[in-house]
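Below: the structure, in structure tokens.
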Amino acid sequence: DRLEGRQTTTEIMGAGASTPAMKAMFEEFEKRRAASVEAFNKAPWASDVAAFGDGLSEGTSVLTVTESVPTAEAMTTEQDKLSDYDKARTRPWNHDSRGYPAIIVRVKTADDVAKVVGFATTSGITIAVAGGAHSCRAMVDQACVIDMCLMKAVEVDVEARTMTGEGGCLLADLDIALKPHGLGCPWGTNPNTGIAGLALSGGAGYLSRMYGMTVDNIIALDAVLADGTQITATKDNEHADFFWGARGGGGNFGIITKFHFTVHKLPSEGRVAMYEVVYLAPIAKGAKSVLMAAAAWFKESPESVNGVIAMPCGAPVVPTVWGCFIDGLEMGSTKIPGEIAGAGKFGGWAKVANNCKVVTYHDELQSYLVPHQLSAYWYESAVCLKELDEAAIDLVVRFVRKEIPNKMSALVLIPLAGKVQTVDPDSSAVQTRDKSWWVIIEARFDPKKGASGRDAARAWTKAVVTAFEELGASQSSHAIEYERDAEVGTAAAVSWGDKVARLQEIKAKYDPKNTLTLNRNIVPNLQG
């Protein structure tokens with residue numbers, strides 16, 4: 001957990017910390033655990049689990065909810081002292097999404113995945129998939145979880161500029177393999193994120209203005225379908241429709257066991273000028289002014305520049321970090337390249353931080369947000385904006401300075417544009433090519449406040465999404481917390497617009513029974 005920037009619940013609560021509200025929340029979790037145990041014990045397939053496990057690869061683990069310990073005990077026990085089942089089910093980055101699956105199978109091969117799919121579908125158990133386990137659908141009550149944390153093999157072909165990564169890889173696993181060769185690929189801004197959920201939903205990060213979205217760099221996908229069939233999909237073979245739909249359509253069509261990517265030779269062998277500027281802007285009007293200046297400057301900046309603006313709720317600052325990817329950078333240099341010099345001129349009362357240094361992209365820049373996105377209790381969503389214009393900035397300021405759920409939450413603004421927008425919009429299922437900014441809505445809450453903390457985070461997230469949608473923002477296809485509440489819900493059209501009909505036809509071909517539902521679900525069109 002600590003190696004992946006994740007905290008135990010004990011660390012979050014503090015030693016001996018406890019409140020009536022927190023105890024009530026734990027009691028809610030315990031009811032869910034008891035219900036999962038009872039359902040497992042009554043299931044007609046329960047007696048077949050052991051024999052099924054014997055047919056998997058050596059080194060796999062089949063863990064059942066009957067091995068779990070009472071919730072209050074699990075919540076306050078050090079991670080290394082938990083049962084293997086509880087260690088596995090508490091892997092998700094979001095503590096509030098740590099459910100009680102009936103079975104967790106830690107697979108090692110694509111054949112294992114196919115066998116688990118066969119067992120689950122025959123037994124009538126809902127299938128969940130845990131890659132990096134950032135999704136709120138990774139560990140679901142009473143489900144059969146295909147946990148891919150042991151499938152992290154990575155291969156790099158330096159000469160061909162390609163790489164493969166298995167479905168359980170984190171971004172860090174891929175970057176570690178690319179770093180010695182000065183290679184890179186555009187994916188997210190936190191190395192603890194799993195490649196599968198990010199890539200299948202589009203994926204964007206510091207390199208995207210130069211090299212496009214993550215989906216634009218996928219050249220093939222190895223997958224296990226809902227009927228257990230194994231395929232490889234490319235843009236030119238008989239599964240070209242799967243290849244098109246999976247790149248942006250999420251985990252609707254199959255379970256991806258291996259990704260094949262094009263990778264790129266980075267300027268300066270992977271060194272980047274990282275410029276961190278934190279503006280003091282305690283008054284809302286001042287924060288708006290800084291953001292207006294940042295948006296105007298960025299719109300005119302070259303594709304070699306990208307960054308992040310983090311807006312913490314209730315804080316008097318506007319923190320920014322920028323990366324400049326150009327040739328000729330010397331490690332450790334503090335000279336500010338002309339391409340990003342303007343990032344230090346956005347106004348504000350003063351600069352709390354104003355530091356530029358040439359660092360390694362794979363280590364320092366990619367890990368910049370980790371301390372601000374530690375594993376905890378979260379309720380998240382994301383929207384994509386066509387422009388970060390004055391109306392959008394007014395909403396940002398409103399929701400981080402005036403209408404806040406607490407002081408642990410934030411809005412994170414990530415620029416897109418560049419090669420993200422020059423790719424043929426019909427080349428994949430991604431529907432946000434015309435958007436220039438991605439807004440991640442990170443509502444964090446304190447477990448000591450129990451359900452009231454969660455409710456406040458949820459209400460704030462819903463209000464932010466609704467307000468941005470009224471400006472024409474669209475939602476991404478990530479399976480994140482906002483959509484897990486049925487009453488909030490989101491139709492497929494919100495994420496895919498006029499591409500929905502084609503996606504429904506592809507779903508009907510590859511998953512006609514809608515077996516894979518724990519995603520932003522596309523209902524198959526069986527009438528076509």
Side-chain angles (χ1 to χ4, degrees), residues 162 185-188 195-205 207-223 225 231-254 256 259-264 303 382-387 414-438 469 472-479 490-512 516 519-528:
T162 61
C185 192
W187 35 60
I195 186 59
L198 178 132
L200 298 179
S201 299
L207 298 176
S208 289
R209 295 187 77 207
M210 295 194 297
Y211 306 122
M213 302 180 80
T214 309
V215 294
D216 302 329
N217 292 271
I218 297 174
I219 53 178
L221 295 166
D222 295 351
L225 304 182
I231 67 168
T232 296
T234 72
K235 68 182 180 66
D236 299 315
N237 71 4
E238 68 271 29
H239 300 298
D241 50 356
F242 181 101
F243 183 75
W244 181 88
R247 292 177 308 122
N252 271 285
F253 313 105
I256 309 303
F259 292 83
H260 302 250
F261 294 104
T262 292
V263 295
H264 307 269
E303 292 179 355
V383 295
C384 297
L385 307 175
K386 193 163 188 176
E387 296 289 348
I414 299 177
L416 299 173
K419 293 296 190 296
V420 171
Q421 295 182 326
T422 58
V423 172
D424 179 0
D426 293 323
S427 63
S428 71
V430 173
Q431 184 68 6
T432 54
R433 295 288 182 185
D434 62 332
K435 304 300 190 289
S436 297
W437 287 81
W438 189 25
E469 285 184 328
S474 60
Q475 293 184 34
S476 69
S477 57
H478 293 76
T490 4
V494 172
S495 294
W496 296 291
D498 57 10
K499 295 182 178 180
V500 169
R502 183 178 178 185
L503 289 167
Q504 288 177 319
E505 292 175 1
I506 297 171
K507 179 75 168 180
K509 177 179 177 179
Y510 289 97
D511 185 15
L516 303 173
N519 42 52
R520 182 156 290 196
N521 195 238
I522 296 168
V523 178
N525 177 9
L526 302 177
Q527 307 302 317

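One is the number of the first residue; the rest follow in order along the sequence. Treat the numbers as computed from the prediction; the structure is a model and nothing was measured. We use all heavy atoms of the structure for the numbers below, so side chains are in, but hydrogens, waters and symmetry mates are not.
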* To do: Of all the heavy-atom pairs spanning Ala240 and Asp236, show the shortest one and how long it is.
  => CB-N, 4.4 Å
* Heavy-atom side-chain contact between Leu221 and Phe259 under 4.5 Å -> yes
* Do NZ/NE/NH1/NH2 and the carboxylate oxygens of Lys509 and Asp241 come within less than 4.0 Å? -> yes
* What do the steps show when you test Tyr510 against Phe242 for ring-ring contact (aromatic ring centres under 6.0 Å, His included), and what is the final call? -> CA-CA 8 Å; Tyr510 289 97; Phe242 181 101; 5.2 Å; yes
* Structure fact -> Rounded to the nearest 0.5 angstrom, the CD-CH2 distance for Glu387 and Trp437 is 10.0 Å
* Asked: Looking at Trp496, is Arg502 sitting on its ring face, NZ or CZ under 6.0 Å from the six-membered ring centre and within 45 degrees of the normal?
  -> no
* Between Met210 and His264, is any pair of side-chain heavy atoms under 4.5 Å apart? -> no
* **Stepwise side-chain contact (heavy atoms from CB on, under 4.5 Å) test for Thr214 and Ile195** => CA-CA 9 Å; Thr214 309; Ile195 186 59; 4.3 Å; yes
* Asked: Between the side chain of Ser427 and the main-chain N/O of Asp424, is any donor-acceptor distance below 3.5 Å?
  -> yes
* Taking the side chain as every heavy atom from C-beta outward, state whether Lys419 and Arg209 have any pair of such atoms under 4.5 Å apart. => no
* So, for Cys384 and Thr432, which heavy atoms are closest and what is the spacing to 0.1 Å? -> SG-CG2, 3.9 Å
* Asked: What distance do Ser208 atom OG and Leu416 atom CG have between them, rounded to the nearest 0.5 Å?
  -> 7.0 Å
* Asked: With no hydrogens and no angle check, do the side chains of Asn252 and Asp511 hold a donor and an acceptor under 3.5 Å apart?
  -> no
* Using 4.0 Å as the upper bound for N to carboxylate O, is an ion pair formed by Asp216 and Arg433? -> yes
* Asked: How long is the gap from CG on Leu526 to CD on Gln504, to the nearest 0.5 Å?
  -> 10.0 Å
* Asked: Are side-chain heavy atoms of Met213 and Val420 found at a separation under 4.5 Å?
  -> yes
* **Closest non-hydrogen atom pair, Val523 against Lys507** => C-CG, 4.3 Å
* Before giving the answer on side-chain hydrogen bond (donor to acceptor under 3.5 Å, both in side chains), spell out for Ser436 and Gln421 the whole-Å C-alpha distance, their side-chain angles and the decisive distance to 0.1 Å. => CA-CA 8 Å; Ser436 297; Gln421 295 182 326; 3.2 Å; yes
* **Smallest separation among heavy atoms of Val430 and Gly248, with atom names** => CG2-CA, 3.9 Å
* If every non-hydrogen atom of His239 is compared with every non-hydrogen atom of Ile231, which pair is closest and at what distance? -> NE2-CG2, 3.6 Å
* To do: Begin from the C-alpha positions of Lys499 and Trp244 and carry the test side-chain contact (heavy atoms from CB on, under 4.5 Å) through to its verdict.
  => CA-CA 11 Å; Lys499 295 182 178 180; Trp244 181 88; 4.0 Å; yes
* Structure fact -> To the nearest 0.5 Å, atom CG of Leu385 lies from atom CG of Asp434 at 11.0 Å
* Are any side-chain N or O atoms of Asn519 and backbone N or O atoms of Gly251, one a donor and one an acceptor, separated by less than 3.5 Å? -> yes
* **Ser474 side chain to Glu469 side chain, donor-acceptor N/O pair below 3.5 angstrom** => no
* Asked: Once you round to the nearest 0.5 Å, how far does CD1 of Ile218 lie from CD1 of Ile256?
  -> 8.0 Å
* Structure fact -> Nearest heavy-atom contact between Ile522 and Gly249 is CD1-O, 4.2 Å
* So how far is it from Leu516 CG to Phe253 CZ, rounded to the nearest 0.5 Å? -> 10.0 Å
* Using 30° and 60° as the class limits, which term best fits the ring planes of Trp187 and Phe261: parallel, tilted or perpendicular? -> perpendicular
* Asked: Between Thr232 and Asp222, is a side-chain hydrogen bond (donor to acceptor under 3.5 Å, both in side chains) present by the stated rule, with each step listed?
  -> CA-CA 4 Å; Thr232 296; Asp222 295 351; 2.9 Å; yes
